[in-house]
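The structure appears below as C-alpha cells.
Chain A is the first sequence line, chain B the second, and so forth, proteins listed ahead of strands; every chain is numbered from 1.
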Amino acid sequence: MTNNKKIYDKGMVIIGLCIFVVVITFPFWFNFGNAAPAPEPKIADKAKAAKECVRPKAFMKVEHMQILNEWRDTVVRDAKRIYVNSSGKEFNMSLTNTCLDCHTEKAEFCDKCHDYASVSPYCWECHIDPKETK
Amino acid sequence: MKSSRRKFLKIAGVSALGLGAKPVLDVLASSGEHEATSTPEIKKGKDALTAKRWAMVVDTRKIESEEDLKPIIEACHKIHNVPDLENKNHEIKWIWAEEFQHGFSTQEYEFADERVKHLPFLTLCNHCENAACVRVCPTKATFKREDGIVLMDFHRCIGCRFCMAACPYGSRSFNFRDPRPFIKETNPEFPTRTKGVVEKCNFCAERLAVGKLPACVEASNGVLTFGDLDDPESEVRKLLKTNYAIRRKPALGAGPSVFYII
C-alpha cells in the first residue's frame with residue numbers, strides 16, 4: 001500500500017472552505033467600525049443649575065438603580081421619605097418628583113442610555129413622566 | 001502544679017479583660033475617623049403625621065344623599081389616579097357608596113333605624129387590626145405598617161388576588177386592563193397602577209408623610225374625622241366616647257379602623 005495523502009478535488013474544497021469562513025465571520029466584519037458610540041446622556045438645564053446629583057456622578061452612573069431600589073423600599077415599607085446625602089442636602093425620595101424634577105428630559109437622559117444598554121425598566125408603566133401627560 | 005494554675009488564672013484574667021476592651025476600642029476607633037465622609041441618612045419628613053393606630057370616623061348623621069358623598073369620592077380618586085371604568089366587573093374603587101344591607105351584615109342591625117337603612121354608606125378599606133389580606137399575601141406586598149395602615153407595596157404585587165378573596169369588605173379591586181386610558185386627568189405626582197395588580201385605599205400615606213390629612217377627610221366638610229385610636233385625647237376617640245358608632249361585620253373579628261356614627 002502506498003502512502004497516498006492526496007486530497008481529491010482540492011480546488012473545490014478550498015473554495016468551499018473560504019466561503020464557509022467568510023459566511024461565518026460575516027457579522028464581525030460587516031459591523032467593523034460601525035459600533036454605535038456610547039450616547040452622551042443630556043443633562044437637562046434644571047439639573048445643570050443644581051450642579052450636583054444625589055450622589056457623585058461616577059457613583060450615580062453605576063449605582064442609580066440601587067439607590068432607586070432603596071428609595072422605593074424605604075418610602076413604601078418604612079414610611080421614610082427624606083434622603084440626606086453625604087453633603088447634608090435633603091431629597092424627597094421620589095422617582096418622578098425628584099429624579100425627573102432635575103432630569104426633566106427623560107427621553108434624552110434615562111431612555112437614551114437605557115436604549116444603548118438594552119435595559120427597559122418597567123417603572124414607567126406606573127410612574128409618570130410629566131412630559132408625557134401633557 | 002500550684003504555680004502553673006496560678007499562671008493559668010492570670011492569663012485567663014488578662015484575656016477576659018482584652019475581650020471586654022474590644023468594643024470600647026472599636027467605638028474609639030470609629031469616632032472621629034468617618035466624620036468627613038458620613039454615609040447618607042434616611043429619615044421621616046419633619047412635618048409627618050404619626051400615630052399608633054390611624055382610624056376614621058364617618059358621621060352618617062351629616063349625610064343625606066349620595067350627592068353628599070360624590071365630592072369626597074372624587075377628591076380621592078382624582079389625586080390617586082383611580083380610573084373610571086364603565087364595565088362594573090372591571091371597576092376600580094378606593095372609596096365608594098354602598099347600600100346599608102350590602103355593607104353591614106344584616107342580622108346585627110336587623111332592626112336599625114329606617115333612616116340608617118336607606119342611607120348610602122361611605123365605604124373604604126377598613127385598615128383592620130387583624131387584616132386577612134395581610135395574612136394571605138404570598139409576597140408580603142400587602143403589609144401592616146407600624147401606624148396601623150394596611151398598605152400595598154405595588155412593586156411586589158403579583159396579582160394573585162388571594163387578598164381579594166380574603167377581604168370580607170370588598171375593599172380591593174383588580175386591574176383587568178391598563179388603567180391609563182381611563183384616567184381623565186392624571187396627577188403626575190402619584191404613580192398609576194398597571195394591568196395585573198390589585199389596589200385599594202392607602203389612607204393617604206403619601207399625604208400623612210408631608211403633614212396633610214387624607215384627601216377624603218379634607219373634602220368631607222366634617223363628615224369624616226381622622227386620628228389616632230390609641231390616643232384618648234384624639235378627635236376620633238372623643239367622637240367615639242360620646243356617640244354610638246358601629247363597624248362593618250364586627251362578628252368576623254377583623255377589627256376595622258373605620259367607624260360609623262349612626
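Remark: B/Lys195 does not engage A/Glu125 in a salt bridge, criterion side-chain N to carboxylate O under 4.0 Å.
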Could you walk me through whether A/Asn92 and B/Val210 satisfy the side-chain contact (heavy atoms from CB on, under 4.5 Å) test, starting with their C-alpha distance in whole Å, then the side-chain angles of each, then the deciding distance to 0.1 Å, before giving a yes or no?
CA-CA 10 Å; A/Asn92 168 25; B/Val210 292; over 6 Å; no

Run A/Ile82 and B/Lys44 through side-chain contact (heavy atoms from CB on, under 4.5 Å) and show every step you take.
CA-CA 6 Å; A/Ile82 305 292; B/Lys44 276 196 161 73; over 6 Å; no

Candidate pair A/Ile128 and B/Thr186, rule side-chain contact (heavy atoms from CB on, under 4.5 Å), full reasoning:
CA-CA 9 Å; A/Ile128 296 166; B/Thr186 309; 3.4 Å; yes

As a quick check of understanding, evaluate side-chain contact (heavy atoms from CB on, under 4.5 Å) for A/Val76 and B/His155, giving each step before the final call.
CA-CA 9 Å; A/Val76 179; B/His155 309 103; 4.1 Å; yes

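Within 6.0 Å of CD on B/Glu146 lie no more than 12 heavy atoms contributed by other residues, nucleotides or ligands. Shown here is B/Lys238, whose NZ atom has more than 12 heavy atoms of other residues, nucleotides or ligands within 6.0 Å. For NZ of B/Lys249, the number of neighbouring non-hydrogen atoms (other residues, nucleotides, ligands) closer than 6.0 Å is greater than 12. Within 6.0 Å of the NZ atom in B/Lys144, the count of heavy atoms belonging to other residues, nucleotides or ligands exceeds 12. Within 6.0 Å of CZ in B/Phe182 there are more than 12 heavy atoms belonging to other residues, nucleotides or ligands. Remark: B/Lys78 NZ is loosely packed, at most 12 non-hydrogen atoms of other residues, nucleotides or ligands lying under 6.0 Å away. Around CD of A/Gln66, the count of heavy atoms belonging to other residues, nucleotides or ligands within 6.0 Å exceeds 12. The environment of A/Met12 atom CE is sparse: at most 12 non-hydrogen atoms of other residues, nucleotides or ligands sit within 6.0 angstrom.
Top candidate by heavy-atom pairs under 4.5 Å with chain A, chosen from B/Ala209, B/Ala48, B/Pro191, is B/Pro191. For chain A, the option among B/Glu206, B/Arg156, B/Arg193 with the highest count of heavy-atom pairs below 4.5 Å is B/Arg156.
Rounding to the nearest 0.5 Å places CZ of B/Phe154 at 10.0 Å from NE2 of A/His127. To the nearest 0.5 Å, atoms OG1 (A/Thr96) and CZ (B/Phe190) are separated by 11.0 Å. Rounded to the nearest 0.5 angstrom, B/Glu41 CD and A/Tyr83 OH are separated by 11.0 Å.
For chain B, no part of A/Trp71 is nearby; none of its heavy atoms comes within less than 4.5 Å. If you measure heavy-atom distances from B/Asn81 to chain A, the contacts under 4.5 Å come from the side chain alone. The contact between A/Tyr122 and chain B is made entirely by side chain atoms (from C-beta outward), counting heavy-atom distances below 4.5 Å. In this structure, chain A has heavy atoms under 4.5 Å from both the backbone and the side chain of B/Ile42.
Under a 3.5 Å cut-off, the side chain of A/Arg77 and the backbone N or O of B/Arg145 do not form any donor-acceptor pair. With hydrogens and angles disregarded, no donor-acceptor distance shorter than 3.5 Å links the side chain of B/Thr194 to the backbone of A/Cys126. Not a single donor-acceptor pair under 3.5 Å links the side chain of A/Asn85 to the backbone N or O of B/Pro40.
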